[in-house]
Amino acid sequence: MAGGGGPRLPPAGSGDRALAELLLEFSRAQYRAKDGGGAAVERIERRCLELFGRDYRYSVIPNVHGEVCAHYPRHIVLLEREAAKHNAVFHSVQVGKLQDLINRSKMARCRGRFVCPVILYKGKHICRSATLAGWGELYGRTGYNYIFSGENADSQLFDKVRGHDIKLLRYLSVRYICDLMVENKKVKFGLNVTSSEKVDKAQRYADFTLLSIPYPGCEFFKDYKDRDYTAEGLIFNWKQDYVDAPLSIPVSLTQSLNIDWSEYQSWDLVQQTQNYLKLLISIINSDDDSGLLVHCISGWDRTPLFISLLRLSLWADGLIHTSLEPSEILYLTVAYDWFLFGHMLVDRLSKGEEIFFFCFNFLKHITSEEFSALKSQRRKSLPPGFTLEEICMLKQKDRGSTTSLSSDFSLGLESSPGAAGSFTYEAVELMPAGAQAQAAWRKSCASSPQAVLWSRAQQSEDRLPSAGMVEVKSSSSSSSAHSDNFLRIGSSPLEVPRSRSADHSLPGSSVSTDFGSWQMVTGCGSIREQAILNADASLSCSFPDEFSNTCLLVSASDRESRLEEVRSAFLASYSRTIGLKAVPPSPSGAIGGLLEQFVRGVGLRGSSTL
């Protein structure tokens, strides 16, 4: 601990208290499935299952005594489908078949840390593991019979165990393998102790899309701590002798990202982490149904860093774990992605290798829309010839009715299965038929831009209700007289469809079904009609059907506020329990930048444990 008097825990029963207790347990000892862990660990395990169960149907692969993997959770969660999608078609993964493949394949990877699915997104499995085991580890586990069984023993052994690993990857529909190692093979005492898919001599993994995206190991984060927890300007030394894995990414995966990958060795830690995260999000957002595997060497430092950032980023977009509050998603990712998968926090803290802290403090660098999975989905969903901004711009031409955007327009909320209260809606037509109409519309918008904004007169801190989706799609009822343009749009205040069951809140949300109203607002922010508007209340247009129908896609400002809330909660709890050890003061005597941020931003005072 970094201060006297012991940790100051929040009140019992609060989400902050649960996180504080988790961090204390995490900082005491590394989790080992075979050790059990006592009542505190059992509470953490139960809480994780409860949080997964809020949004998903899942099965559990038992690992009670560490018989499957010593440093994986005792209850390994296999997410099967989103709970709200009762009739959707999914790639069926049978838990019995999966268990058999795991038992056969686990020797193929370092420390037995097999390919394990941890996130379900758009029906795709995002998986984690360690890298491939080398011959030394394989021989140690399989016995010496292979050593004396002939000159082809190596090939036969690798064919067998890596063949099972490949079967497991294919069963999980994994196509993309992202390797974070800075080495081709990990070498200790002159021996190759691990391997990787990219240097498999027999090219057994040639059918997969292999990405070598070298990222500094946990030792580098000692420099992060010593620089007063400042990642800006911190650049890894790529000229070290052991660094021999170049960055290698198929061109087809980089074309849409506008990143100069040839400059990767000049990036600081912030830019490198940002660009790798953009790449991973782009991969999982691709149109195919293929899953993704992320791994480093042991799979318990760099791997949970990117798995955790992916989980939090997709959650902030409203795409996964849609019913979880910021404190709950924070608890889940700390407990499951880090603690229960064996991150050695005690050892890392003793050495100052604070990659765990870096992960959550880094959230401030990914709040903008450029890191949003919705960005590409918006782009794919727009009518031909239009941008998202143009779709959300409406020109005042004449007065429409008070219940629709005009005689040709209306707004609808599609109710989710099981939602308390149902909604009626009509289709919304925002697509002009001809190019001339598009050009005329753009010209008129440029001279007098306007946008439709969501207004909530009550509960200004609440977001849009999570149990519905605003749909924008072509209407078949438009008259032929209006088929060439959609400029007849009124600017009157617009009523939002009310729930027929107005006394009930939507499930999984604290937002009331009293939705507020629509108002016409000019591009500079003036209000044509009297209204109360939120700064972050812009209309989200509709998006593809593969997203959960209990999920209303969030705006960029919503994403920022959600991630900042997670980060603030982590900083406050971390400082109370584990604490930050200040680096020696600078000549000016100024307090470290991050410690000062704690005092000012998190509200800690002299009585804190810092």
Side-chain angles (χ1 to χ4, degrees), residues 15-16 19 22-23 26 51 118-119 121 126 215 221 224-225 227-232 234 267-281 284 294 301-322 324-339 343 345 354-375 463 536 554-578 580 593-598 600-604:
D16 292 340
L19 179 62
L22 166 61
L23 290 175
F26 198 1
L51 292 174
V118 288
I119 298 174
Y121 172 62
I126 301 174
Y215 189 84
F221 289 84
Y224 166 69
K225 173 184 175 292
R227 294 179 82 252
D228 204 7
Y229 300 92
T230 302
E232 292 86 349
L234 179 58
W267 296 340
D268 66 13
L269 186 58
V270 171
Q271 192 174 8
Q272 186 179 21
T273 310
Q274 287 177 326
N275 288 340
Y276 284 9
L277 182 62
K278 288 179 183 177
L279 175 65
L280 296 178
I281 291 172
I284 62 175
V294 178
D301 291 305
R302 289 166 285 185
T303 298
L305 166 64
F306 282 97
I307 290 295
S308 193
L309 290 176
L310 275 174
R311 192 184 301 276
L312 290 168
S313 183
L314 293 172
W315 165 83
D317 287 335
L319 299 175
I320 63 173
H321 302 290
T322 55
L324 298 191
E325 296 296 324
S327 62
E328 293 171 332
I329 190 67
L330 174 59
Y331 186 98
L332 179 62
T333 191
V334 169
Y336 197 73
D337 297 330
W338 289 90
F339 175 60
H343 176 65
L345 182 61
E354 299 202 32
I355 188 173
F356 172 66
F357 176 83
F358 168 81
C359 174
F360 296 93
N361 193 44
F362 184 77
L363 294 177
K364 64 184 177 182
H365 295 294
I366 60 168
T367 58
S368 66
E369 189 184 13
E370 63 181 313
F371 300 97
S372 171
L374 298 179
K375 184 178 180 181
R463 292 179 284 272
D536 63 342
V554 299
S555 67
S557 56
D558 240 352
R559 171 187 170 83
E560 179 178 4
S561 64
R562 285 156 72 89
L563 289 175
E564 284 294 351
E565 210 170 330
V566 170
R567 177 174 172 267
S568 296
F570 175 83
L571 293 179
S573 190
Y574 191 96
S575 66
R576 293 190 190 103
T577 53
I578 298 173
L580 294 175
L594 188 60
L595 302 180
E596 184 175 286
Q597 177 184 331
F598 270 113
R600 294 180 178 178
V602 184
L604 302 176

Minimum heavy-atom distance between D317 and L374, given as atom pair plus value: O-CD1, 3.6 Å
Give, for atom CG of L314 and atom CD1 of I126, the distance between the pair rounded to the nearest 0.5 Å. 6.0 Å
S575 side chain to A572 backbone, donor-acceptor under 3.5 Å: yes
What heavy-atom pair brings F360 and R567 nearest, and what distance separates the two atoms? O-CG, 3.5 Å
Specify the closest pair of heavy atoms between E328 and L51, including all atoms of both residues, with the distance to one decimal. O-CD1, 3.6 Å
Please check: side-chain N/O of W315 versus main-chain N/O of L324, any donor-acceptor pairing under 3.5 Å? yes
Less than 6.0 Å separating the ring centroids of F221 and F357? no
Counting distance only, does the side-chain N/O of T273 pair as donor-acceptor with the main-chain N or O of L269 below 3.5 Å? yes
L309 side chain reached by L363 side chain, heavy atoms, under 4.5 Å: yes
So, F26 versus F356, ring centres under 6.0 angstrom or not? yes
Interatomic spacing from CZ in F362 to CG in L305 - rounded to 0.5 Å: 8.0 Å
Correct closest heavy-atom pair for A231 and V270 would be CB-CG2, 3.6 Å
Short question: side chain of R227, backbone of E232 - any donor-acceptor pair under 3.5 Å? yes
Flag the pair F358 / K225 as yes when at least one side-chain heavy-atom distance between them is below 4.5 Å, and no otherwise. no
Derivation and outcome, side-chain contact (heavy atoms from CB on, under 4.5 Å), residues Y336 and Y331: CA-CA 8 Å; Y336 197 73; Y331 186 98; over 6 Å; no
Should S313 and I281 count as side-chain neighbours, where that means a heavy-atom distance under 4.5 Å? yes
Is there a donor-acceptor pair under 3.5 Å between the side chain of T333 and the backbone N or O of L330? no
For S561 and D558, indicate whether the former's side chain and the latter's backbone hold a donor-acceptor pair under 3.5 Å. yes
Note: N361 and K364 closest approach over all heavy atoms is O-CG, 3.3 Å
Quick one: does any side-chain atom of T577 pair with a main-chain N or O of S573 as donor and acceptor, under 3.5 Å? yes
To the nearest 0.5 Å, what is the distance between CG on L571 and CD on E564? 9.0 Å
Verdict with supporting geometry, D337 and T303, side-chain contact (heavy atoms from CB on, under 4.5 Å): CA-CA 9 Å; D337 297 330; T303 298; over 6 Å; no
Distance from H365 atom NE2 to L277 atom CG, nearest 0.5 Å? 12.5 Å
Would you say C359 and W338 make side-chain contact, with heavy atoms under 4.5 Å? yes
When rounded to the nearest 0.5 angstrom, what is the spacing between CZ in F306 and CG in L279? 9.5 Å
Donor-acceptor pair, side chain of R311 and main chain of I119, under 3.5 angstrom: no
Does any N or O in the side chain of E354 come within less than 3.5 Å of the main-chain N or O of Y224, such that one atom is a donor and the other an acceptor? no
Scanning both residues in full, the closest heavy-atom pair of R559 with I366 reads NH2-O, 2.7 Å
To the closest 0.5 Å, what do you measure between CD (E565) and CD1 (I329)? 13.0 Å
